[in-house]
Structures are given as structure tokens and as C-alpha cells.
2 protein chains.
Amino acid sequence: MDSTENGTEQGFSLLLDDQLCFALYAASRAVTNRYRPLLEALGLTYPQYLVMLVLWEHDTVPIKDIGAALQLDYGTLTPLIKRLESAGLVRRERRPDDERTVLVTLTGQGQELRERARTVPTDIGDAMGLSPAQFDQARRLLRLVTANVSASG
Amino acid sequence: MDSTENGTEQGFSLLLDDQLCFALYAASRAVTNRYRPLLEALGLTYPQYLVMLVLWEHDTVPIKDIGAALQLDYGTLTPLIKRLESAGLVRRERRPDDERTVLVTLTGQGQELRERARTVPTDIGDAMGLSPAQFDQARRLLRLVTANVSASG
DNA sequence: CGCAATTAGCTTGCACACAATGTAATCGCA
DNA sequence: TGCGATTACATTGTGTGCAAGCTAATTGCG
């Protein structure tokens with residue numbers, strides 16, 4: 001029950017509260033939940049919103065590149081993008097000079113949605129309640145963790 | 001390009017790389033993926049591992065309390081715990097003095113698994129590659145974000 | 001005491017995530 | 001040029017997450 005005997009040197013115990021991994025997992029879900037009502041008003045889920053972020057930057061992107069940007073595989077992206085297509089936000093078409101590639105392109109509706117989404121990052125950023133310095137530090141640490149655990153299988 | 005304020009002061013743009021939320025989401029999945037092979041050797045998924053962490057601390061816990069600890073609802077926990085039961089790691093039984101409550105209890109196998117799981121936090125902790133100070137700071141910032149976005153509406 | 005409200009849990013439906021497998025198009029090299 | 005490897009994507013199956021609706025047990029209030 002006390003923290004005097006706290007594992008080796010860095011809190012590597014089996015206590016739930018010691019786990020950075022759990023803090024990460026819980027924070028990620030809490031933030032996604034915070035997004036939910038805002039994105040629901042736009043007709044998007046959170047992963048769909050991330051795909052739209054990529055498209056709002058580039059307009060036409062192969063599925064492969066979307067997967068590289070978001071670190072998601074085809075099993076996730078294929079049905080997700082088909083739902084975006086059903087919603088009229090994107091168009092899917094094979095690249096003429098390489099029929100293996102599927103290009104995803106914003107429709108007019110997809111472009112218009114960008115305007116309605118402009119305030120979303122600010123709303124969430126405010127809700128996180130971090131100072132600019134904390135915001136940058138958190139982002140830096142998370143990128144470091146991602147890079148480290150992704151390296152060397 | 002845009003006459004409206006772009007929120008450059010804290011990265012509140014629509015650029016994917018600016019989003020703390022994406023860094024969080026990507027880091028969480030990357031860490032979970034790093035756990036996968038380690039936990040597979042124990043016959044656990046990552047959320048199942050979290051439930052076991054709670055049980056390794058308390059031995060017998062109502063489902064409600066597991067949900068409170070992990071911030072997961074019954075829709076997630078009911079089938080998950082039934083799978084743990086099928087694997088022989090836990091037992092489920094109604095509390096005699098309040099038949100609404102389901103108590104989850106470790107079996108012998110479930111207790112033995114704790115020994116085999118002892119090295120998991122260390123392995124993951126090492127893979128994250130953070131200094132003790134960074135580890136604590138990351139955990140602190142993540143808890144702050146979780147608390148802030150969970151508060152109010 | 002009687003009954004409405006609350007509580008704990010279950011079930012269904014939808015949308016991710018990811019592993020494993022399949023397929024068509026393209027590439028590369030003898 | 002022929003053909004085996006590679007690439008880009010789709011499909012299937014399993015396991016979460018979460019909302020919404022449901023049941024049964026308990027509580028609380030007149």
C-alpha cells in the first residue's frame with residue numbers, strides 16, 4: 001500500500017497506478033471521449049476525423065500514405081474510408097498509371113466540412129488545460145515514447 | 001489564405017503534426033503493440049492485462065470497481081471477464097448479500113500468472129526509453145490531461 | 001407495507017484495431 | 001520475354017470501446 005518499496009528504480013511494479021502505460025491508455029480514451037460530441041455534430045468518429053485531417057492537408061492521398069501518416073493498416077482504413085465515401089465526404093478511384101493504388105480525394109462536401117471543423121482543435125486544446133509549455137513538452141515526450149517503442153521490434 | 005485566427009500560439013491548427021491528441025493516440029497504440037508479444041506469451045490481451053493488474057492488487061473485486069479503476073463500462077468488461085473465466089484465470093460469483101453484484105476472484109492459475117508477469121512492466125519501461133524524470137513528468141502530464149478533459153462537460 | 005426510483009449487470013449494434021489470408025497489378029531479373 | 005517476387009489493397013475473424021436499451025435486485029419514501 002505504500003510507495004517505499006516501489007519496484008527497482010523507476011516504478012516498474014505491478015501496481016496499476018505506477019504504470020505509465022495505463023496513464024497513456026486512459027488519457028487517450030478520455031480525450032477521444034471529449035472529442036465525441038464535437039465530432040458527432042460533424043458526422044465523424046475520431047479516427048475518421050484523423051483521416052480528414054490528412055485529406056484537408058493534401059486533398060488527394062493514396063490509402064497507403066494515409067496509413068503511413070496515421071500508423072493504421074488497411075484492415076482499419078478500408079472500411080473506414082468506405083464509410084467516409086458513403087457519407088459523401090470523399091471519392092475513391094484507382095490511379096490510372098497504377099491500378100493497385102486507390103486515391104482518396106475530398107469531395108466538395110469534404111472540403112466544406114473543414115470550415116466547420118476549424119474550432120475543434122481549439123475546443124479540445126482548451127479542455128486539456130495545459131500551458132503552452134506543458135503542451136509542447138507532452139507532445140515531445142509522447143513522440144519520444146512512440147519512436148522508442150516502435151524501434152527495434 | 002485565411003483571415004480567421006489560426007491559433008498558432010499553441011498549435012491549435014488543423015495540421016496533423018500539431019495535434020497533441022494524435023501524439024497521444026499514436027503513442028497509446030504503439031505502446032499497446034509493444035506489449036502484444038509479451039502478453040501473448042501469457043495468453044492475455046492488453047485490456048485483459050489491466051484487469052489482471054487490478055485483481056493482482058485486490059484478489060476479489062466487484063466488476064463495478066474494476067470499471068471504476070480502469071474507466072471501462074460493462075459493455076467492455078462483461079465479455080472480457082468472461083474470456084478470463086474461460087481461460088481459467090478468474091471466477092465470477094454473485095455476492096450473497098447483494099445479488100446484483102458480481103464478484104471477480106483470482107483462481108490459483110490467475111495468481112500464478114502474476115509471477116510470470118513480473119518482468120513485463122520492466123521490459124516495457126525499458127523500451128519506452130525515458131529517464132526517471134521524464135517518466136514521472138509524462139505520467140503527471142497525462143493524469144492532468146485525463147482529469148481536465150474528464151471534468152465538466 | 002407498497003411501489004417507484006435506483007443500482008449492477010447484461011445484451012445488442014456499430015466502429016475501430018490488428019493478425020492472417022487472399023488477389024490483382026506491377027516490377028525485376030535471368 | 002517469362003515468371004517469380006513484390007506491392008497495394010481487400011476480406012475475415014477476434015477483441016475491444018461505447019451508446020442505448022433491457023432485466024433483476026435493492027432501496028427509499030409516503
Side-chain angles (χ1 to χ4, degrees), chain A residues 22 24-37 39-40 42-52 61-87 92-104 150 153, chain B residues 22 25-37 39-40 42-52 61-87 89-90 92-104 150:
Chain A
F22 174 66
L24 190 53
Y25 167 81
S28 180
R29 285 189 301 116
V31 169
T32 299
N33 287 336
R34 182 70 178 216
Y35 268 100
R36 198 178 312 280
L39 295 180
E40 196 171 7
L42 306 181
L44 294 175
T45 64
Y46 179 66
Q48 288 169 12
Y49 168 71
L50 293 179
V51 170
M52 294 303 287
V61 187
I63 294 188
K64 177 184 168 58
D65 292 4
I66 298 177
L70 303 180
Q71 291 300 305
L72 288 170
D73 76 352
Y74 294 108
T76 301
L77 288 176
T78 294
L80 187 158
I81 293 173
K82 285 185 176 175
R83 280 186 283 270
L84 291 180
E85 187 180 34
S86 301
R92 288 155 37 85
E93 45 207 0
R94 297 276 167 179
R95 168 178 278 157
D97 58 326
D98 186 345
E99 294 280 344
R100 291 173 304 181
T101 298
V102 172
L103 295 175
V104 183
S150 301
Chain B
F22 174 65
Y25 167 80
S28 179
R29 285 189 301 115
V31 169
T32 300
N33 287 336
R34 182 69 180 217
Y35 268 100
R36 198 178 312 278
L39 295 180
E40 196 170 8
L42 306 180
L44 295 175
T45 65
Y46 179 67
Q48 288 169 11
Y49 168 72
L50 293 179
V51 170
M52 294 304 288
V61 186
I63 294 188
K64 176 184 170 56
D65 292 4
I66 297 177
L70 303 181
Q71 292 300 303
L72 288 170
D73 77 351
Y74 294 108
T76 301
L77 287 175
T78 294
L80 187 159
I81 292 173
K82 285 185 177 175
R83 279 187 282 271
L84 291 180
E85 188 179 34
S86 301
L89 299 175
V90 306
R92 289 154 38 85
E93 46 207 359
R94 297 275 168 180
R95 168 178 280 158
D97 59 326
D98 185 345
E99 294 280 343
R100 291 173 302 180
T101 299
V102 171
L103 295 177
V104 183
S150 301

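Atoms considered below: every heavy atom in the structure, side chains included; atoms not considered: hydrogens, waters and symmetry mates. The chains referred to below are lettered A, B, ... by the order of the sequence lines, with proteins before strands, and numbering in each begins at 1.
Counting only heavy atoms from C-beta on, B/L72 has its side chain closest to D/dC18 among C/dA15, D/dC18, D/dT26. Looking at the side chain of A/T45, the nearest of the listed nucleotides C/dC16, C/dT26, C/dG9 is C/dC16. In the set D/dT26, D/dG17, D/dG15, the nucleotide with an atom closest to the side chain of B/E99 is D/dT26. Taking only side-chain atoms of A/R92, from C-beta outward, the nucleotide of D/dA10, D/dA25, C/dC18 with the closest atom is D/dA10. Checking C/dC16, C/dC10, D/dG17 against the side-chain heavy atoms of A/R83 singles out C/dC16 as nearest. Nearest nucleotide to the B/D73 side chain, out of C/dC10, D/dA19, D/dT16: D/dA19. Among the nucleotides C/dA8, C/dA17, C/dA24, the one closest to the side chain of B/K64 is C/dA8. The side chain of B/R94 lies closest to C/dG9 when the candidates are C/dC18, C/dT26, C/dG9. In the set C/dG9, D/dT16, C/dC16, C/dG9 carries the atom at the smallest distance from any side-chain atom of B/Y74. Picking from C/dA19, C/dA24, D/dC18 the nucleotide with the shortest atom distance to the side chain of B/R36 gives C/dA19.
Panel note: side chain B/N33, backbone B/R36; no donor-acceptor pair is recorded below 3.5 Å. Not one N or O on the side chain of A/D65 forms a donor-acceptor pair closer than 3.5 Å with the backbone of A/A68. Without hydrogens or angle criteria, A/R94 side chain to A/L103 main chain gives no donor-acceptor distance under 3.5 Å. The backbone N or O of A/Q71 lies less than 3.5 Å from a partner atom in the side chain of B/R29, making a donor-acceptor pair.
Between the C1' atom of C/dC18 and the CZ atom of B/R34 lies a distance of 17 Å, rounded to the nearest Å. For B/L80 and D/dC18, the CG to P distance is 13 Å, given to the nearest whole Å. The distance from atom CD1 of A/I81 to atom C1' of C/dA17 is 14 Å, rounded to the nearest whole Å. At whole-Å resolution of the value, CD in B/Q71 and C1' in D/dC18 are 13 Å apart. Here the P atom of nucleotide D/dC9 and the NZ atom of A/K82 are 12 Å apart, to the nearest Å. Look at CG on B/L77: it is 10 Å from C1' on D/dG17, rounded to the nearest Å. A straight line from CD of A/E85 to P of C/dA15 spans 15 Å, rounded to a whole angstrom. Regarding B/R100, its CZ atom lies at a distance of 9 Å from the P atom of C/dT7, rounded to whole Å.
Contact annotation: A/N33 side-chain N/O to D/dC18 OP1/OP2 distance is under 4.0 Å. Between D/dA10 and A/T78, a contact under 4.0 Å exists linking OP1 or OP2 to a side-chain N or O. Between B/Q48 and the phosphate of D/dT16, there is a side-chain N or O to OP1/OP2 separation shorter than 4.0 Å.
Mapping B/T76 and A/Y46 onto DNA chain C by nearest heavy atom places B/T76 at the nucleotide closer to the 5' end. Ranked by how close their nearest DNA chain D nucleotide is to the 5' end, A/I63 and A/E40 are led by A/I63. Nearest-nucleotide mapping onto DNA chain D: of B/P96 and A/D65, the residue sitting toward the 5' end is A/D65.
In this structure, A/Y35 and A/Y49 have tilted ring planes: the angle between them lies in the 30° to 60° band.
In this structure, A/T101 reaches the sugar-phosphate backbone alone: every heavy-atom distance under 4.0 Å involves primed, P, OP1 or OP2 atoms, never a base.
The shortest side-chain heavy-atom distance between A/V102 and A/I81 does not fall under the 4.5 Å cut-off.
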